[in-house]
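The model shown is predicted, which means the values in this text are computed figures rather than measured ones.
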Amino acid sequence: MSRWKGLPKELDPSVRNLVVRLRRLKDHSGLSLRQLAAKTGYSSSSWERYLGGRALPPRDAVEALASVTGEEPTRLLAVWEVAAEAWSGRTATAPAGPIAGAPPVGARDQAPESVAEPGRAEPLEPVEPIGPAAPGAEPTRGRAFHVAAVAGVVALVLAASAVGVLVGRAGADRDHGAVAPLVSSAAPAVSQRSAPAYTCRVERIDGLWYAGQSDTRDKILANGYAGPEVAEVQCLLERAGYSPGDIDGIFGPLTERAVKRLQKDAELVVDGIVGPHTWGALRG
């Protein structure tokens with residue numbers, strides 16, 4: 001078994017989870033980094049970065065590792081998707097620069113890793129320096145000030161128009177004997193758009209449970225996902241006696257905890273990820 005170095009403390013938990021799984025597969029396979037590189041097409045230096053938590057492995061690399069180690073790739077790729085979202089948010093604010101480590105070798109490593117690795121954010125565009133402009137070029141500060149001034153004028157015009165509409169509406173309501181509270185009537189509409197409510201309509205069809213939000217039986221869902229498929233999971237968890245919290249279509253910690261309890265009772269892999277087997281337990 002390899003003696004791995006500790007992962008960076010600032011690593012996101014979802015990325016850490018992916019790296020730990022990849023390390024475990026590599027250890028169980030008994031392959032060295034050189035052998036792993038030969039079988040997957042990704043260089044040993046790339047695998048050092050992937051397994052050290054210093055770079056996110058591409059989807060193809062994860063799938064190749066699953067293939068050479070005999071692992072079923074569906075769950076591993078679901079973990080990679082969650083990690084890729086977290087890594088994308090991490091690198092979006094990181095300064096652009098070369099990736100540490102030796103240049104990759106092999107057919108798949110010909111392109112720079114910032115392009116070859118899905119989920120990594122593209123390097124940020126360099127900021128134009130403030131200083132004397134080149135002859136014939138428009139000064140950067142002058143252009144920025146001009147844009148800001150135009151935007152400010154447009155904002156003032158829109159604000160004045162809005163006030164006029166509101167005052168006119170209030171006057172019309174007064175003429176009819178009632179004044180409607182403008183702010184309080186608008187608030188619920190914003191709330192409904194930002195947090196859609198789902199109603200569970202649970203029924204049994206052909207021996208399977210459905211909640212009226214989605215009829216999928218293989219959609220992969222994990223912490224951080226949102227939508228009607230998540231609401232379907234929450235409704236079916238509630239029906240089975242595993243409270244996911246609010247039925248809001250957002251896969252958060254409470255929903256993940258309920259999924260793990262269901263998986264444990266159903267003797268499934270307890271990873272908090274909803275896949276075909278967990279859907280079978282929910283609908284069965």
Quick one: does [X]'s side chain get under 4.5 Å of [Y]'s, heavy atoms only?
{"X": "Trp4", "Y": "Asp27", "answer": "yes"}
{"X": "Thr40", "Y": "Asp60", "answer": "no"}
{"X": "Leu22", "Y": "Leu76", "answer": "yes"}

Any side-chain donor-acceptor pair under 3.5 Å between Ser14 and Trp87?
no
Under a 3.5 Å cutoff, is there a donor and acceptor pairing between the side chains of Glu71 and Thr69?
no
Does CD belonging to Glu267 count more than 12 external heavy atoms closer than 6.0 Å?
no
CZ of Arg217: more than 12 outside heavy atoms within 6.0 angstrom?
no
Any side-chain to backbone donor/acceptor pair from Ser88 onto Ala84? Under 3.5 Å, distance only.
no
Under 3.5 Å, side chain of Arg201 to main-chain N/O of Gly212, donor-acceptor pair present?
yes
Among residues two or more places apart or on two chains, list those pairs meeting disulfide (SG to SG under 2.5 Å) that have a residue in residues 253-284.
none
Among Ile247, Val259, Leu254, find the residue that satisfies the side chain to side chain contact (heavy atoms under 4.5 Å, CB included) test when tested with Gln234.
Ile247
Mind listing the closest non-hydrogen atom pair of [X] and [Y] along with its distance?
{"X": "Asp12", "Y": "Ala86", "result": "OD2-CB, 3.4 Å"}
{"X": "Leu18", "Y": "Ala83", "result": "CD2-CB, 3.8 Å"}
{"X": "Pro58", "Y": "Tyr42", "result": "CG-CE2, 3.8 Å"}
{"X": "Ala37", "Y": "Ser43", "result": "CB-C, 3.7 Å"}
{"X": "Asp265", "Y": "Tyr242", "result": "OD2-OH, 2.8 Å"}

Linked, directly or transitively: Val82 and Val62 (ILVMFWY side chains, under 4.5 Å)
no
With sequence neighbours excluded, residues passing side-chain contact (heavy atoms from CB on, under 4.5 Å) with Lys39
Leu31, Val68
Pairs under 3.5 angstrom only: tabulate donor-acceptor contacts from the side chains of residues 271-284 to other protein residues two or more places apart or in another chain.
{"residue": "Asp271", "atom": "OD1", "partner": "Gln263", "partner atom": "NE2", "Å": "3.2"}
{"residue": "Asp271", "atom": "OD1", "partner": "Ile273", "partner atom": "N", "Å": "3.0"}
{"residue": "Asp271", "atom": "OD2", "partner": "Arg75", "partner atom": "NH1", "Å": "3.1"}
{"residue": "Thr278", "atom": "OG1", "partner": "Gln263", "partner atom": "NE2", "Å": "3.1"}
{"residue": "Trp279", "atom": "NE1", "partner": "Lys219", "partner atom": "O", "Å": "2.7"}
{"residue": "Arg283", "atom": "NE", "partner": "Thr216", "partner atom": "O", "Å": "3.0"}
{"residue": "Arg283", "atom": "NH1", "partner": "Trp209", "partner atom": "O", "Å": "2.9"}
{"residue": "Arg283", "atom": "NH1", "partner": "Glu232", "partner atom": "OE2", "Å": "2.9"}
{"residue": "Arg283", "atom": "NH2", "partner": "Ser214", "partner atom": "O", "Å": "3.0"}
{"residue": "Arg283", "atom": "NH2", "partner": "Thr216", "partner atom": "O", "Å": "2.8"}
{"residue": "Arg283", "atom": "NH2", "partner": "Glu232", "partner atom": "OE2", "Å": "3.4"}

